[in-house]
Amino acid sequence: MTDAAIAVAASAVWKFHGDYPALRDIELSILPGQCVALLGRNGAGKTTLLRIMAGLSSAGRGTIRIFGNPVRERETRRRVGVLGHGISIYDELSAIENLRLFGRLYGLANPDRSANEWLERTGLDRARNGLVREFSRGMRQRLAVARAFLHEPDVLLLDEPFTALDDRAIAVLQDVLRRAREQGRTIVMSTHQLREALDLASHVALLNRGKLGYFGERTPEMLADTGWLYRHYDV
Amino acid sequence: MNFLRQSLTIAAKDLRAELRTKEAIQASLSFALVILLLFSFSFDPSEDEMRALSGGLLWIVFAFAGALILNRTFAREIPNDCLDALVAAPIAGAALFLGKALASFILLFVMELVCFPVFGIFYNIGWTAQFWPLMLVLVLATWGFTVIGTTFSALTVNMRLREIMLPLLVYPLMIPCLLAAIRLTSQLVAGQPLDPEVMVWMRLLVGFNIIFTSLALVLVESVLLG
């Protein structure tokens with residue numbers, strides 16, 4: 001299989017925080033359309049790996065390619081959507097101004113139309129001109145989802161996307177992720193919410209102290225007993 | 001979307017956010033006016049002495065008050081991890097830098113423009129005889145200050161003591177720019193034209209801007225990725 005046919009390819013990736021190896025020799029090939037739940041205990045290296053995939057941090061050794069291209073290439077970044085720990089939206093701007101800003105930065109043909117569509121999809125259309133600093137926590141989280149998906153990315157990198165979401169934001173995110181899966185988009189999400197993640201995932205990657213303990217299809221055992229994976233691989 | 005449009009989008013975003021909060025411009029302007037006021041009470045120079053000191057006084061005020069604006073350049077991206085979204089977006093680091101520098105430059109320039117008439121009133125000095133050459137010097141020196149300040153704002157954005165670190169790093173590097181700005185401003189506030197003797201300072205200012213702007217545009221990507 002050529003590099004370009006692999007959505008996310010990690011090759012011998014190491015990352016050091018000082019002398020401590022946060023990631024150790026990660027080898028991973030995620031195919032287009034796969035939805036990967038990136039699991040592991042706190043400090044296992046999930047966020048570090050996702051940040052390198054998103055081009056927000058560089059690998060100490062090894063490379064990560066997205067559809068065969070380096071992650072920091074501009075065309076690659078256009079195909080990637082990132083939803084990290086922070087909501088990455090500006091409190092001093094309105095909802096529509098935030099989305100319009102990112103629409104322009106991603107070079108969308110009609111940023112206004114895309115922004116309005118996503119405001120509707122996330123149930124924020126009536127608050128489009130309200131300043132984000134006046135939004136409730138749930139509204140801010142839904143706007144963050146809209147920001148990450150606005151440019152219809154082929155690869156979605158989500159770092160604990162269900163953490164601290166309210167019920168409505170969880171429903172919006174699950175709906176958006178299901179639709180993304182149906183459209184054949186590739187999803188990599190780190191999470192501690194095993195139930196939500198395994199419901200959506202086609203594959204599981206388990207990190208243990210920076211090493212990839214397991215990467216493969218999500219099995220019925222994992223779905224039936226969410227603790228099975230951690231027990232079986234002694235994490 | 002081309003490089004310039006991306007830069008202008010970033011600059012417009014920063015200016016809009018600043019206009020809504022007025023955090024940096026209010027702090028900077030108040031600080032500048034207070035220093036000008038205190039200096040006017042502290043010393044009683046003659047008009048000739050004041051003209052000779054004007055460049056030094058004004059640029060020290062601009063440097064101190066300007067640090068408050070430059071500190072906010074990248075610090076405004078910290079809440080909600082907004083810098084991550086900008087770094088992940090398909091824009092060149094240089095476009096991001098240029099947009100942020102443009103917004104800071106405009107804020108600094110506005111602060112300086114307000115300070116000049118106040119300086120004229122407090123010190124009873126007519127400063128408009130060489131208005132356009134003075135504006136040119138102001139633009140060039142402010143851009144030099146902005147470029148250095150924006151670069152170090154990016155470098156110190158994740159530091160806990162960035163408000164202290166930024167001036168400590170910026171002022172020593174700014175010395176050539178500051179010297180040229182002080183010498184040229186004193187000459188022009190005194191109403192004297194830019195003669196060949198002081199033009200060497202103008203050339204230094206232009207050279208400083210070219211070198212540091214080029215370096216910043218090349219290095220900013222590495223600075224942002226750490």
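Just so it is clear: chains get the letters A, B, ... in the order the sequence lines come, proteins before strands, and each one is counted from 1.
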(Q) At a heavy-atom distance under 4.5 Å, which candidate from A:Leu157, A:Leu83, A:Ile87 has the highest pair count against chain B? (A) A:Ile87
Q) If you tally heavy-atom pairs under 4.5 Å against chain B, which of A:Leu108, A:Val80, A:Leu93 wins? A) A:Leu93
Q | Cation over ring face, A:Arg140 and A:Phe135, 6.0 Å, 45° | A | no
Q: Please say whether the positively charged group of A:Arg78, taken as NZ for Lys or CZ for Arg, lies over the ring of A:Tyr106, i.e. under 6.0 angstrom from the six-membered ring centre and within 45 degrees of the axis.
A: no
Among [options], which residue forms the greatest number of heavy-atom pairs with chain A at distances under 4.5 Å?
options: B:Arg76, B:Glu18, B:Arg16, B:Arg20; answer: B:Arg20
options: B:Asp84, B:Leu86, B:Leu83; answer: B:Asp84
options: B:Ala12, B:Ala88, B:Pro79; answer: B:Ala88

Q) Can we call the ring centroids of B:Trp143 and B:Phe105 under 6.0 Å apart? A) yes
Q.
So that I know where these two stand, are B:Phe208 and B:Phe212 an aromatic pair - ring centroids less than 6.0 Å apart?
A. yes
Using non-hydrogen atoms only, which part of [X] is less than 4.5 Å away from chain B: side chain, backbone, both, or neither?
X: A:Arg147; result: side chain
X: A:Leu131; result: side chain
X: A:Arg51; result: side chain
X: A:Glu75; result: neither
X: A:Val82; result: side chain

Donor-acceptor side-chain pairing of [X] and [Y] below 3.5 angstrom:
X: B:Glu112; Y: B:Thr142; result: yes
X: A:Glu97; Y: A:Tyr90; result: no
X: B:Trp59; Y: B:Thr185; result: yes
X: A:Arg128; Y: A:Asn116; result: yes

Q. Measuring heavy-atom distances to chain A, does B:Ala95 have an atom under 4.5 Å in its side chain, in its backbone, in both, or in neither?
A.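 Neither part.
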